[in-house]
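Keep in mind that the numbers below use all heavy atoms, side chains included, and drop hydrogens, waters and symmetry copies.
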Amino acid sequence: MEQHEERIELSLPGGDSMEVVAGTTAAEVARRIGPRLAREAVVARYDGRLVDLAQPLLEGGKLELITLDAPEGLDVLRHTTAHVLAQAVLRLYPGTKLAIGPTIEDGFYYDFDLPRPIGPEDLPAIEAEMARIVQEDLPIIREEGGRQEWIERFRAAGQPYKVEILEEIPEATVSLYRQGEFVDLCRGPHLPSTGRLRAFKLLSIAGAYWRGDEKRPMLTRIYGTAFKSKEELEEHLARLEQARKRDHRRLGRELELFAVSEEVGQGLPLWLPKGATIRRVLERYIVDLELQEGYEHVYTPPLARTELYKTSGHWEHYRENMYPPMKVDDEELVLRPMNCPHHIMIYKQKPHSYRELPIRIAELGLMHRYERSGVLTGLSRVRGMTLNDAHIFCTPEQIKEEFLRVVRLIQRVYQDLGFQEYVYTLSRRDPENREKFVDLPEMWEKAERLIREALDEIGVSYREDIGGAAFYGPKLDVDVKSAAGKFETISTVQVDFYLPERFGLEYVGVDNRLHRPVMIHRGVISTMERMTAFLIELYAGAFPVWLAPVQGVFLPIAERHVEYARAWTEEGRRRGLRLEVDMRDEKLNRKIREAELQKVPFMLVVGDREVEEESVAVRRRGQGDAGHLPVRDFLDELEKLARERRLDLHLAAASSPGVAASSGVPAS
RNA sequence: GCUGGCGUAGCUCAGUGGUAGAGCAGUGCACUCGUAAUGCACAGGUCGAGGGUUCGAGUCCCUCCGCCAGCUCCA
């Protein structure tokens, strides 16, 4: 023991501070603060860095003890769980080569190169081994070691992936974590011992390329998650189950919205009548809005001569996503993957004056893209799709104004669709990748600068995505938070100096000379396919009135009430409402149940009383009885909800449900 | 495309070498019904496709197709 111990001052959260001997560990500090913290702390933040509890604190500074209630604590817990997973796998499958095992949102994974393939049925055994490692309560010890030395040791241990990682680390010393017989290269920090693990579960198993490179070996990735308590784990698993119930593929089948048929082809969905209704509503909505905004809607064919795409550059930069050409007579035709060249040809039909600009050409354009079979998913990732597309041809001076108009249009549409959270992403080219992006650096910089200026003007913050641009220019993507909590790209706005050049577009300026217009490519509601998939999941199939394929269903109590229901259904249809009658010879309870399962917004019970007084007994989806209403009033209200694109089912004029429901006899 | 898993009735799923099953949906009949499943009966399948092993294949093997998870890619 040192005679003259150096003392250091640690400042703790809340303004407290503590003086301790240099070299005291964070765990010791926690013990001094209190037994509960000593028990709960998993890691510490020491001058901004996360460190192990066992780390000796040599200098004064800020110290914060972190428990599993903090996101960082949970992250460390999951990281340690990943190590325990790796240890278990090594015990069960000797000869396994370890790759990497990071934490991800809501969990962690670890990639292995296993001596033999394993499947989901092997996960319970691995979990059991993990539980044993937790039982063993192995201390987790950080070690520092020479990089070169550990390269040798991992090589000798038959861990080539670790060797590869080490070879790329610039520092001469590296940190390792040891628990029992297991040691892994890792920055840390980690929990103090394996016994600290709480609730964890292995969720799935899948392939993943080493380093995400399809030319490298395919590894086995095991996904799992961990929480601080069994209850929280159960809650999380329940949330996953809920998400599965929202899956648009499942709801698409249950609600008869769309179908995919092997006979038709991969990624080529069929729109069933109800799904087609949603699509038609969306299409009419966006087309009307665009017409109001000064767009001109056109129709152009989904096929074109290959030459057109050679001119546009698609053939050079986008060919891997295009269906191969077909030869007919003397022409070679391809299915178009984008609509821009067709719209450019429309622009080129006649000379243009600066006075006409901007010209905004819009189309619900059918396109086909060849997507690798593994990526196809229901309606959200398909090979044949209709894009809400438009191309704005404008002068360079008009770019910013036009860009802003598009962003405002997007915001307006999101409000109507009920999108709450979205983020802007400036997708730029990857300057390294000259294959994918046209190699005109000044052009890219100019376009990026213009987008930034416009974004600053509108006052929105944005992320940046290097390499996410279109081949011809940078773009602003708008990613909307999905029902699953992930952000999906819905809208996009792109500034393009390239295609006008390729196609030699021009307009006559004030100076009576020819100038090159600029194009803005923009999609607001994405493809009809993707938007529909997104909305199905967002609303879990329970659409607001304006989008619901069936807005109300009449439920006649007995056969003698069917005629009444039918007559009013027809009246409603004449008014543009989407109503149906459940004419089946079934009991009311049954009809209600099925209308609820079909997520119809309004159920209209009609029996003797309603026929007598020309009313309906209204039942709102998920909310039960909503009282009586004269039929005409109900239809008026329904029209209003649809017209105003209301997201709720509130009926202004409904009588109080209590009164109507309890009486059971016609009001005198 | 790659790795793993899965394809049995419209849907959800049993069925591990010996005569293809259940529930729901569908059809018929009865009931005429008041706020989340009325009862009874009937019908429904070249077990994804093709080949092979076997006396015998939904079941074992091979090839192909599709679907699911993930990787890669992306609207």
note = Expected list for residues 379-392 of chain A near RNA chain B, using heavy atoms below 4.0 Å, is Arg381(A), Val382(A), Met385(A)
key: Partner set under ring-ring contact (aromatic ring centres under 6.0 Å, His included) for His314(A), not counting sequence neighbours   = Tyr309(A), Phe471(A)
message = With a 4.0 Å limit, can you tell me whether Asn589(A) has a side-chain N or O closer than that to the phosphate oxygens OP1/OP2 of A37(B)?
response = yes
inquiry  = What is the distance, to the nearest angstrom, from the CG atom on Leu219(A) to the P atom on U72(B)?
reply    = 12 Å
key: Side-chain donor/acceptor of Tyr370(A) to base of G1(B), under 3.5 Å   = no
ask   = Once you round it to whole Å, what is the distance between P of C11(B) and CG of Leu597(A)?
value = 18 Å
key: Check: U3(B) base within 3.5 Å donor-acceptor of Arg221(A) side chain   = no
query = Taking the six-membered ring of Tyr209(A), is the NZ or CZ of Arg216(A) close enough (under 6.0 Å from the centre) and on axis enough (within 45°)?
reply = no
Could you write out each protein N or O paired with an N or O of nucleotides 41-48 of chain B at a distance under 3.5 Å?
none

request  = Check every strand shown and say whether Gln598(A) touches a base, only sugar-phosphate, or nothing at a heavy-atom separation below 4.0 Å.
outcome  = nothing
task = Report which part of the nucleic acid Thr527(A) touches: base, sugar-phosphate, or nothing (heavy-atom distance under 4.0 Å, all strands).
result = base
query = Heavy atoms under 4.0 Å, any strand shown: does Glu586(A) hit a base, just sugar-phosphate, or nothing?
reply = base
message = Taking only side-chain N and O atoms of Arg590(A), does any of them lie within less than 4.0 angstrom of OP1 or OP2 on A25(B)?
response = yes
